[in-house]
Asker: 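Mind having a look at this structure? Questions to follow.
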Protein chains: 2
Amino acid sequence: MQITRQTEYAIRTMLELARAPRGEFLSTRYISEQQDIPEDFLKKTLKLLVLAGLISTQRGVHGGIRLARPAGKITLVDIIEAVECNVALNVCLAPGYNCPNQPGCPVSRNLARAQQAMLNELRKESLEDMLGDQ
Amino acid sequence: MQITRQTEYAIRTMLELARAPRGEFLSTRYISEQQDIPEDFLKKTLKLLVLAGLISTQRGVHGGIRLARPAGKITLVDIIEAVECNVALNVCLAPGYNCPNQPGCPVSRNLARAQQAMLNELRKESLEDMLGDQ
DNA sequence: CCATTGTGGACTAATATTGTCCTTTTTGTT
DNA sequence: AACAAAAAGGACAATATTAGTCCACAATGG
């Protein structure tokens, strides 16, 4: 019941990007050094952020990555969902899972409520907000 | 970001116990058969529930396990915390961890809030409530 | 043409989770 | 006293997940 290290890397990366001048590209290498993240592993992680539409990339000499939308419009949920694909407190909440119990079993109902509550909290502050109050 | 299979086993076991007549002992074997849980693995799991004070055991011929307190006073949080030891959405929230960032960094603050929200939801229904509404 | 930077995929290593086996202790029953 | 039922405990094995590495390739600007 923890976010993975990879998710943490993604969060730190996104914050680093949010801190950079708007629209500027940062290279993967630079970020990996700043944040002490293995470069090749970071690359794989960035792929997930690209797929989720959170960052955009530019190849070549002055290329790199940058936020795909304003830091004020990105929250931790976006990042977590991008990296962990589908957040589900229990297998029975994952899409496509067919519970052998009654569909609305009380346990999964409770877990689902808890999960919603958690995600709602994570939606409250944007990256911009977070940078503001440190 | 999921509860483990072991935690699920523990939840199912606790519900089974809650369904049994008050004070009666059920054997590990019986539960493992009912719930289709590997017996030896279940035993290890039960140990955690004992340590957490959720169940009490009785050795010997008519022994087994039973709830250590009324089903109305046990919630999913109790079980999850018993099995997963210390729930922490991120390493930086685990007790004893020393964050290299400022102590109250905005990320851990957000994760902590989300975790609290989640746990609070999980505290709302007791095992008894859950049995009631299926 | 070449250095820089992202893309993609295969592979390995490390760690965590799940499951198994076997021995011991306790307890009621015969 | 002997025995069978049941929990306690610990070592080990199998799997699955997570993390990290390596290498060849593609785009881009100077």
Side-chain angles (χ1 to χ4, degrees), chain A residues 1-13 17 20 24-52 54-68 80 82-88 90-91 94, chain B residues 1-13 17 20 24-52 54-68 80 82-88 90-91 94:
Chain A
M1 166 109 56
Q2 249 192 25
I3 62 174
T4 62
R5 187 133 92 220
Q6 187 175 33
T7 301
E8 235 223 78
Y9 289 163
I11 293 173
R12 300 220 304 264
T13 297
L17 292 175
E24 182 172 300
F25 288 107
L26 301 185
S27 75
T28 302
R29 165 152 309 147
Y30 173 77
I31 294 175
S32 79
E33 279 163 1
Q34 286 295 307
Q35 298 289 336
D36 193 32
I37 300 171
E39 186 176 348
D40 281 309
F41 188 58
L42 178 57
K43 282 185 189 170
K44 290 205 298 192
T45 307
L46 294 178
K47 186 64 168 66
L48 298 170
L49 297 176
V50 170
L51 287 175
L54 295 179
I55 62 177
S56 59
T57 65
Q58 166 73 46
R59 287 179 170 195
V61 174
H62 294 126
I65 60 182
R66 65 181 181 194
L67 298 185
I80 292 173
V83 179
E84 319 225 327
C85 293
N86 24 51
V87 177
N90 195 10
V91 270
Chain B
M1 166 108 57
Q2 250 191 24
I3 61 175
T4 63
R5 188 132 90 219
Q6 187 175 33
T7 302
E8 235 224 79
Y9 289 164
I11 293 173
R12 299 219 306 265
T13 297
L17 291 176
E24 182 172 300
F25 288 108
L26 300 184
S27 75
T28 302
R29 166 153 309 146
Y30 173 78
I31 294 175
S32 79
E33 280 163 1
Q34 286 295 308
Q35 298 288 337
D36 194 32
I37 301 171
E39 187 177 348
D40 282 310
F41 189 57
L42 178 57
K43 282 186 190 170
K44 292 204 296 193
T45 309
L46 294 179
K47 186 64 167 68
L48 298 171
L49 298 176
V50 170
L51 287 174
L54 295 179
I55 61 177
S56 58
T57 63
Q58 166 72 45
R59 287 179 169 193
V61 174
H62 293 126
I65 60 181
R66 66 182 180 193
L67 298 185
I80 292 173
V83 180
E84 320 226 326
C85 293
N86 24 50
V87 177
N90 195 9
V91 270

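All figures in this text were calculated on a predicted structure; none of them were measured in a lab. Chain naming here is simple, since letters A, B, ... match the order of the sequence lines and numbering starts at 1 in each.
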Asker: For the residue pair B/Thr57 and B/Phe25, what are the closest heavy atoms and their distance?
Answerer: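 The answer is C-CE2, 4.2 Å.
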Asker: Should B/Leu54 and B/Leu67 be marked as a side chain to side chain contact (heavy atoms under 4.5 Å, CB included) after you check the CA-CA gap, both sets of side-chain angles, and the distance that decides it?
Answerer: CA-CA 6 Å; B/Leu54 295 179; B/Leu67 298 185; over 6 Å; no
Asker: With sequence neighbours excluded, what pairs up with B/Arg59 under the side chain to side chain donor-acceptor pair (under 3.5 Å) test?
Answerer: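 By the side chain to side chain donor-acceptor pair (under 3.5 Å) rule, B/Arg59 matches no residue at all.
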Asker: Enumerate, atom names and distances included, each donor-acceptor pair closer than 3.5 Å involving a side-chain atom of residues 40-51 of chain B, sequence neighbours excluded.
Answerer:
from	atom 1	to	atom 2	distance (Å)
B/Thr45	OG1	B/Gln6	NE2	3.1
B/Thr45	OG1	B/Phe41	O	3.0

Asker: Look only at the side chain of A/Arg12 and the backbone of A/Gln35, and say whether a donor-acceptor pair between them is shorter than 3.5 Å.
Answerer: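 Judged by distance alone, yes, a pair lies under 3.5 Å.
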Asker: Would you call A/Arg66 and A/Glu24 a salt bridge, taking side-chain N to carboxylate O under 4.0 Å as the test?
Answerer: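 A/Glu24 and A/Arg66: not salt-bridged.
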Asker: How long is the gap from CG on A/Leu17 to OG on A/Ser56, to the nearest 0.5 Å?
Answerer: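 Nearest 0.5 Å value for the CG-OG distance: 9.5 Å.
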Asker: Give B/Tyr9 one of three labels, base, sugar-phosphate or nothing, depending on what nucleic acid heavy atoms sit under 4.0 Å from its own.
Answerer: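 Result for B/Tyr9 = sugar-phosphate.
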Asker: Answer whether the closest heavy-atom distance between the side chains of A/Leu26 and A/Thr13 falls below 4.5 Å.
Answerer: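 Not in contact.
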Asker: For DNA chain D, note the earliest and the latest nucleotide, 5' to 3', having some atom under 4.0 Å of a heavy atom belonging to chain B.
Answerer: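 The contacted stretch runs from D/dA4 to D/dG9.
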Asker: Would a distance-only check, ignoring hydrogens and angles, find a side-chain to backbone donor-acceptor pair under 3.5 Å from A/Glu84 to A/Thr4?
Answerer: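 Such a contact is found between A/Glu84 side chain and A/Thr4 backbone.
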Asker: Can you tell me how far apart CD (A/Gln2) and CG (B/Asn90) are? Round to the nearest 0.5 Å.
Answerer: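 One gets 6.0 Å once the value is rounded to the nearest 0.5 Å.
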Asker: Where along residues 57-67 of chain B does a heavy atom come under 4.0 Å from DNA chain C, residue by residue in number order?
Answerer: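 Close to the strand are B/Gln58, B/Arg59, B/Gly60, B/Val61, B/His62.
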Asker: Taking any atom under 4.0 angstrom from a heavy atom of chain A, which nucleotides of DNA chain C are the first and last to qualify, 5' to 3'?
Answerer: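 The contact span of chain A on DNA chain C goes from C/dA3 to C/dG8.
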Asker: For residues 43-50 of chain A, which residues have at least one heavy atom under 4.0 Å from DNA chain C?
Answerer: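 When residues 43-50 of chain A is checked for heavy atoms under 4.0 Å from DNA chain C, the hits, listed by number, are A/Lys43, A/Lys47.
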Asker: Quick check against the 3.5 Å criterion: does A/Thr7 have a side-chain atom that pairs as donor or acceptor with the backbone of A/Ile3?
Answerer: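 Checked: no pair found.
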Asker: Roughly how far apart are B/His62 NE2 and B/Ser27 OG, rounded to 0.5 Å?
Answerer: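 The NE2 atom of B/His62 sits 11.0 Å away from the OG atom of B/Ser27.
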